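Everything on this sheet refers to the single structure shown next.
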Number of protein chains: 2
Amino acid sequence: MNDKSSNISKRRRTARAKDSADYVAKRAEVLGAAATLFKQQGFHSTRLVDVAREAGLDRATIYYYAGSKEELLQDIVGGVLDTAIAAAEELRANDALTGMQRLHQIFVILMTSYEENYPATFVYIQEQMHQVGVQETEWAQLIMKRTRLFDRMLIDFIKEGIEDGDLRSDIPPRLHENALFGMLNWTHRWFVPGGSLTGRQVAETFWSIYTGGALTDAGRANALPSPPVLSAVTG
Amino acid sequence: MNDKSSNISKRRRTARAKDSADYVAKRAEVLGAAATLFKQQGFHSTRLVDVAREAGLDRATIYYYAGSKEELLQDIVGGVLDTAIAAAEELRANDALTGMQRLHQIFVILMTSYEENYPATFVYIQEQMHQVGVQETEWAQLIMKRTRLFDRMLIDFIKEGIEDGDLRSDIPPRLHENALFGMLNWTHRWFVPGGSLTGRQVAETFWSIYTGGALTDAGRANALPSPPVLSAVTG
DNA sequence: GATCCAGTCAACGCCGACGTTGACGTTGAT
DNA sequence: ATCAACGTCAACGTCGGCGTTGACTGGATC
């Protein structure tokens with residue numbers, strides 16, 4: 001008579017400790033299935049039984065690869081922010097770049113990484129990780145802190161662009177940011193990798209709109225009387 | 001002995017049938033409380049007990065004003081689309097307007113209505129009503145159909161702008177739309193009525209970026225050579 | 001061919017949230 | 001005073017989904 005209780009938690013821990021290629025690969029598959037569904041239906045609406053079906057497993061088997069539904073989410077979106085912050089820090093440290101160049105770079109890098117890590121980053125955006133709404137967990141707090149850090153770097157790039165005289169100073173940095181990265185982040189609602197456009201093409205197109213506008217020369221002539229929009233009301 | 005069972009459903013129906021000013025007002029309060037929380041935490045994460053506390057009521061009392069949690073959501077976002085579609089249809093019917101003017105108008109109207117109906121519209125955006133994710137209910141189908149209708153009208157305005165030679169033809173209409181309305185819709189993450197900027201100011205500023213770009217004249221001159229500096233980071 | 005282990009599965013306990021119940025004040029009309 | 005309607009509330013039934021259990025299978029190792 002053996003009392004070896006199976007205890008899935010312990011078995012998961014030992015399996016993860018072994019770190020075999022097979023286990024890691026299968027785990028990635030499970031995370032991928034979860035990410036797909038989280039993207040499609042949202043985290044809360046997604047049932048673990050659906051994740052299991054998507055991955056071709058039984059629901060209980062999920063727990064052989066992840067301790068909880070939360071863990072799936074955290075592992076999916078975990079590296080997203082770190083990657084972005086690392087890229088921004090590298091740009092900031094490069095003295096040869098202007099603010100505009102840094103802004104352009106991070107913009108393109110973000111979009112291409114959205115594409116590469118699809119759908120992980122879009123899950124991150126969709127689930128509003130930056131909001132308090134998530135939870136009061138330590139993990140959520142960390143995410144929020146890192147998000148604010150990244151945000152501050154973007155604002156700094158923009159301020160640099162304004163101080164250099166490249167970006168319009170009649171628009172507050174925050175509005176510059178929300179316009180530019182609004183276009184970018186909204187891609188989570190419509191962009192699908194493998195479609196007619198690459199992430200890079202989308203990014204460059206949006207960048208050209210942000211910097212130069214969407215009008216033709218003729219259209220610009222038609223629209224000529226364009227007073228500074230904010231000073232009229234704020235001043 | 002009377003068998004008058006209280007049956008909250010019937011009592012709600014009779015109360016709603018009477019349509020007294022008090023009832024309507026209180027119901028609006030409940031909807032407002034629900035909208036606030038839906039906006040903050042998302043529909044699924046919001047508990048009816050929280051809605052009740054926000055409205056200063058007992059949870060059961062909610063059912064005197066709404067038959068279900070779903071009904072709260074539907075009534076909150078119900079008019080949003082209809083208003084937008086009506087505005088777009090009016091613009092379309094006005095022969096005196098060019099495509100660019102229609103696009104500009106609907107852009108400003110949408111933003112100001114976001115502000116006026118806050119937070120209802122933002123709930124609509126946040127809950128991704130256009131996605132299949134919601135449900136297979138008849139209501140969801142209708143919402144999706146109406147959304148596609150509105151979307152088609154926006155695309156038509158943009159195509160008109162391109163055909164008139166005002167908007168750049170090297171950018172597909174869909175990208176024009178996603179850039180412009182990406183900026184707009186992303187406001188649901190940061191815009192708060194009563195802040196330093198009105199909805200109209202935000203809309204006009206974004207419009208000026210979309211049409212003319214965010215660069216100064218000097219910045220435009222600097223950007224002309226447009227050195228490809230991406231290799232500094234990626235390579 | 002016996003033993004062991006990775007991987008899987010049907011089944012259970014549990015909990016939290018929705019929607020309902022039936023009764024309890026309170027108000028205003030008769 | 002009586003009655004009806006209004007608005008409210010503590011308490012319950014129910015159900016869906018999470019996380020766990022303990023046993024089963026098929027292949028590898030001795």
Side-chain angles (χ1 to χ4, degrees), chain A residues 1-30 33-34 37-38 41-74 135 137, chain B residues 1-30 33-34 37-38 41-74 135 137:
Chain A
M1 37 178 36
N2 48 12
D3 62 344
K4 53 178 72 177
S5 57
S6 24
N7 198 334
I8 198 77
S9 299
K10 282 177 186 168
R11 291 173 61 188
R12 178 179 62 251
R13 269 190 288 272
T14 59
R16 200 175 303 190
K18 280 202 59 175
D19 199 37
S20 79
D22 267 11
Y23 183 82
V24 171
K26 194 107 192 177
R27 184 165 196 277
E29 258 184 61
V30 174
L37 293 177
F38 289 171
Q41 319 174 358
F43 175 71
H44 285 288
S45 296
T46 300
R47 308 302 155 207
L48 242 36
V49 65
D50 298 327
V51 175
R53 192 186 316 120
E54 179 79 15
L57 303 174
D58 185 88
R59 186 176 66 86
T61 310
I62 299 294
Y63 291 92
Y64 185 63
Y65 297 101
S68 72
K69 194 181 171 186
E70 288 287 336
E71 186 185 313
L72 287 174
L73 179 62
Q74 296 182 9
Q135 265 162 36
T137 64
Chain B
M1 36 183 32
N2 49 12
D3 62 344
K4 52 178 74 177
S5 58
S6 27
N7 200 335
I8 197 78
S9 299
K10 282 176 187 168
R11 292 174 59 188
R12 177 179 61 250
R13 268 191 287 272
T14 60
R16 200 174 304 189
K18 281 203 56 177
D19 199 36
S20 80
D22 266 11
Y23 183 82
V24 171
K26 194 108 190 177
R27 184 163 196 278
E29 257 183 62
V30 174
L37 293 177
F38 289 171
Q41 318 174 358
F43 175 71
H44 285 286
S45 297
T46 301
R47 309 300 156 210
L48 242 38
V49 65
D50 298 327
V51 176
R53 192 184 318 120
E54 178 80 14
L57 303 173
D58 185 86
R59 186 176 65 85
T61 310
I62 299 292
Y63 290 92
Y64 186 62
Y65 297 102
S68 73
K69 194 180 170 187
E70 287 287 337
E71 187 185 313
L72 286 175
L73 179 63
Q74 295 182 10
Q135 265 164 34
T137 64

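Predicted model only: the values in this text are computed from it and were never measured.
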Let me know the distance between [atom1] of [X] and [atom2] of [N], rounded to the nearest Å.
| X | N | atom1 | atom2 | answer |
| --- | --- | --- | --- | --- |
| B:Y63 | D:dA11 | OH | P | 18 Å |
| A:E70 | D:dG19 | CD | P | 8 Å |
| B:R53 | D:dC9 | CZ | C1' | 16 Å |
| A:L72 | D:dG17 | CG | P | 16 Å |
| A:R13 | D:dT20 | CZ | P | 9 Å |
| B:R12 | C:dT20 | CZ | C1' | 11 Å |
| B:I62 | C:dG19 | CD1 | C1' | 12 Å |
| A:L73 | D:dC18 | CG | P | 13 Å |

Anything under 3.5 Å between a donor and an acceptor, one on a side chain of residues 17-25 of chain B, the other on a protein residue two or more places apart or in another chain? List them.
unit_1: B:S20; atom_1: OG; unit_2: B:Y23; atom_2: N; d: 3.1
unit_1: B:Y23; atom_1: OH; unit_2: B:Y64; atom_2: O; d: 2.7

**Q.** Between CG on residue A:L37 and CD on residue A:E54, distance to nearest 0.5 Å
**A.**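 CD of A:E54 is found 4.5 Å from CG of A:L37.
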
Do [X] and [Y] come within less than 4.5 Å of each other through their side chains, counting heavy atoms only?
| X | Y | answer |
| --- | --- | --- |
| A:V49 | A:I62 | no |
| A:Y65 | A:R12 | no |
| B:L57 | B:E29 | no |

(Q) Can you list, in residue-number order, the parts of residues 14-22 of chain B that come under 4.0 Å of DNA chain C, counting heavy atoms only? (A)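 Residues of residues 14-22 of chain B under 4.0 Å from DNA chain C: none.
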
**Q.** With sequence neighbours excluded, residues passing side chain to side chain contact (heavy atoms under 4.5 Å, CB included) with B:A60
**A.**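 Scan of B:A60 (side chain to side chain contact (heavy atoms under 4.5 Å, CB included), adjacent residues dropped) gives B:D58.
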
Q | side chain to side chain contact (heavy atoms under 4.5 Å, CB included) partners of A:E71, counting only residues at least two apart | A |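 Testing A:E71 for side chain to side chain contact (heavy atoms under 4.5 Å, CB included), a comparison that skips the adjacent residues, returns A:R16, A:R27, A:A66, A:S68, A:D75.
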
(Q) Taking salt bridge (Lys or Arg N to Asp or Glu O under 4.0 Å) as the definition, give me every residue that meets it alongside B:R53, ordered by chain and number, with sequence neighbours left out. (A)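 Here the qualifying residues are B:D50.
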
Q | Pairing residues for A:R47 by the salt bridge (Lys or Arg N to Asp or Glu O under 4.0 Å) criterion, not counting sequence neighbours | A |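 Result, salt bridge (Lys or Arg N to Asp or Glu O under 4.0 Å) vs A:R47: none returned.
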
Q) So, A:K69 side chain and A:T46 main chain: donor-acceptor pair closer than 3.5 Å or not? A)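 Present.
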
Q: Return yes if some donor-acceptor pair links the side-chain N/O of B:S45 with the main-chain N/O of B:G42 below 3.5 Å, else return no.
A: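 Judged by distance alone, no pair lies under 3.5 Å.
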
**Q.** End axis versus end axis in the helix from C:dG1-D:dC30 to C:dT30-D:dA1, the angle rounded to 10°, five pairs used at each terminus
**A.**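 Nearest ten degrees gives 10° for this helix.
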
Q: Taking only the side-chain heavy atoms of B:S9 (C-beta and beyond), determine which of C:dT20, D:dG19, D:dT8 contains the nearest atom.
A: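 Looking only at side-chain atoms, B:S9 lies closest to C:dT20.
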
Q. Can a side chain N or O of A:Y65 be found less than 4.0 Å away from OP1 or OP2 on C:dT8?
A.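 So the side-chain polar atoms of A:Y65 do come within 4.0 Å of the phosphate oxygens OP1 or OP2 of C:dT8, strictly under.
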
Q) D:dT8 phosphate, OP1 or OP2: any side-chain N/O from B:K26 under 4.0 angstrom? A)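 Result: yes.
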
Q) Could you run down nucleotides 9-16 of chain C 5' to 3' and tag each one B, S or - for protein heavy-atom contact under 4.0 Å? A) SBBB----

